[in-house]
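The block underneath contains the structure these notes are about, expressed in structure tokens.
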2 protein chains.
Amino acid sequence: MCPSDSVMTLDSETKAVELPEDHAEELRLWLRLLTCTTLIEGEIRGRLRERFDVTLPRFDLMAQLDKAPDGMTLSDVSKRMMVSNGNVTGLVERLVESGHLDRRTSDTDRRVQVIRLTKLGRAEFRKMAAEHETWIADIFGELTEKEVRELMRLLAKTKGSAQNAVKRRQE
Amino acid sequence: MCPSDSVMTLDSETKAVELPEDHAEELRLWLRLLTCTTLIEGEIRGRLRERFDVTLPRFDLMAQLDKAPDGMTLSDVSKRMMVSNGNVTGLVERLVESGHLDRRTSDTDRRVQVIRLTKLGRAEFRKMAAEHETWIADIFGELTEKEVRELMRLLAKTKGSAQNAVKRRQE
DNA sequence: TCCAGATGTTTTAAGTCTAAAATGTTTAGG
DNA sequence: CCTAAACATTTTAGACTTAAAACATCTGGA
């Protein structure tokens, strides 16, 4: 409820010592969140490899581009995927090499590279995405509709809370 | 509610065609889960590097060992961290090199390597862990106690659902 | 005892990822 | 126009990661 109420707070006049507060619950929550994601990610990674011989990062990149018919800049992709710029460079290189992506320098800004799916890339992605969606449905299959909605709400709030924490650290 | 109700099901006598069911909600849920984890992981990684010049995988490995005073085998660590065996080998190598870990071959089974924290490793980990806990509290700070509990419950159910999906695929 | 499978670890090859420095390009202010 | 700052991308060095193969050891029957 009160984000600024940290253990490190030293603003009290009466107490300058740090109070050893208990945040074990939040820690457990974080570990559980991480476990869920790792578990699901591993399962999806394995199925993508087995079924389509494609890696998860490649699939994720193609998923971003599928939503952008006019293409995206490398920076856009980097921000959306929440990975470093240098990472995208290499990923794109390999996907251009395999014929799934088309890369060109922007007409209006020679710094900018615009990438988009080729016909082949789009066709292959669509096939993978259809199956991928059924995997996800399978993985989350034991949750009721109501639970899915509630989880969505709580994760949205978690995301907001985390984003604010990031902003606070960046002053 | 019904895990076996997949798009790929072909057991109906009257319809052999695949029904294009809508699993967009589950897909959005998965993406949100992934976003939350990536966001928080990145923040923790950055703070660990800035504050202690340590990587997240190293911290995670030390966290496992801190809970096992008598040490763990590499396999145990690998299972707990949900990473490949080969990955652990390299991580341990570097942490032994830096004096944080002690590695010895088991007396009873010469295949087995038992690792544990050194005095230095334990001392450094404890310092990091204390601060780490406050970061987590900060990041999840906008959630109420009730929301934390509810999220714990829903993620536990999600984990179970995902584990069952994994088992089903492995026959 | 012997040995076929199981188990624990390491190695290998390739890919992913990051932070930081380097490079090239644009833009604004003077 | 010039140039400093901002911006987009690539490069670099190193760490992490995986799957699969290789290696080492153990175990439980025949």
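So you know, we letter chains A, B, ... as the sequences are listed, proteins then strands, and number each from 1. Just so you know, these numbers use all the heavy atoms, side chains as well, and skip hydrogens, waters and symmetry mates.
Listed by residue number, the members of residues 37-57 of chain B with any heavy atom below 4.0 angstrom from DNA chain C are B:Arg49. Of the residues in residues 82-94 of chain B, those with a non-hydrogen atom less than 4.0 angstrom from any atom of DNA chain C are B:Asn85, B:Gly86, B:Thr89. For the segment residues 102-110 of chain A, residues with any heavy atom less than 4.0 angstrom from an atom of DNA chain C are, sorted by number, A:Asp109, A:Arg110.
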Could you list all N or O pairs between the protein and nucleotides 3-7 of chain C that sit under 3.5 Å apart?
{"from": "C:dT7", "atom 1": "O2", "to": "B:Arg111", "atom 2": "NH1", "distance (Å)": "2.6"}

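Listed by first then second residue, pairs satisfying ring-ring contact (aromatic ring centres under 6.0 Å, His included) with a partner in residues 27-60 of chain A read A:Phe59-A:Phe125, A:Phe59-A:His132, not counting sequence neighbours. The salt bridge (Lys or Arg N to Asp or Glu O under 4.0 Å) analysis of residues 69-78 of chain B, with sequence neighbours excluded, yields no pairs.
Note that the first and last nucleotides of DNA chain D, 5' to 3', having any atom under 4.0 angstrom from a heavy atom of chain B are D:dA15 to D:dC26.
For A:Arg45, the side-chain hydrogen bond (donor to acceptor under 3.5 Å, both in side chains) criterion is met by no residue, not counting sequence neighbours. Not counting sequence neighbours, the partners of A:Glu25 by the salt bridge (Lys or Arg N to Asp or Glu O under 4.0 Å) test are A:Arg28. Take B:Glu150 and apply the salt bridge (Lys or Arg N to Asp or Glu O under 4.0 Å) test, not counting sequence neighbours, and it matches B:Arg153. Listed by chain and residue number, nothing satisfies the side-chain hydrogen bond (donor to acceptor under 3.5 Å, both in side chains) test with B:Ser84 (two or more places apart in sequence, or in another chain). By the salt bridge (Lys or Arg N to Asp or Glu O under 4.0 Å) test, B:Arg104 pairs with B:Asp102, sequence neighbours left out.
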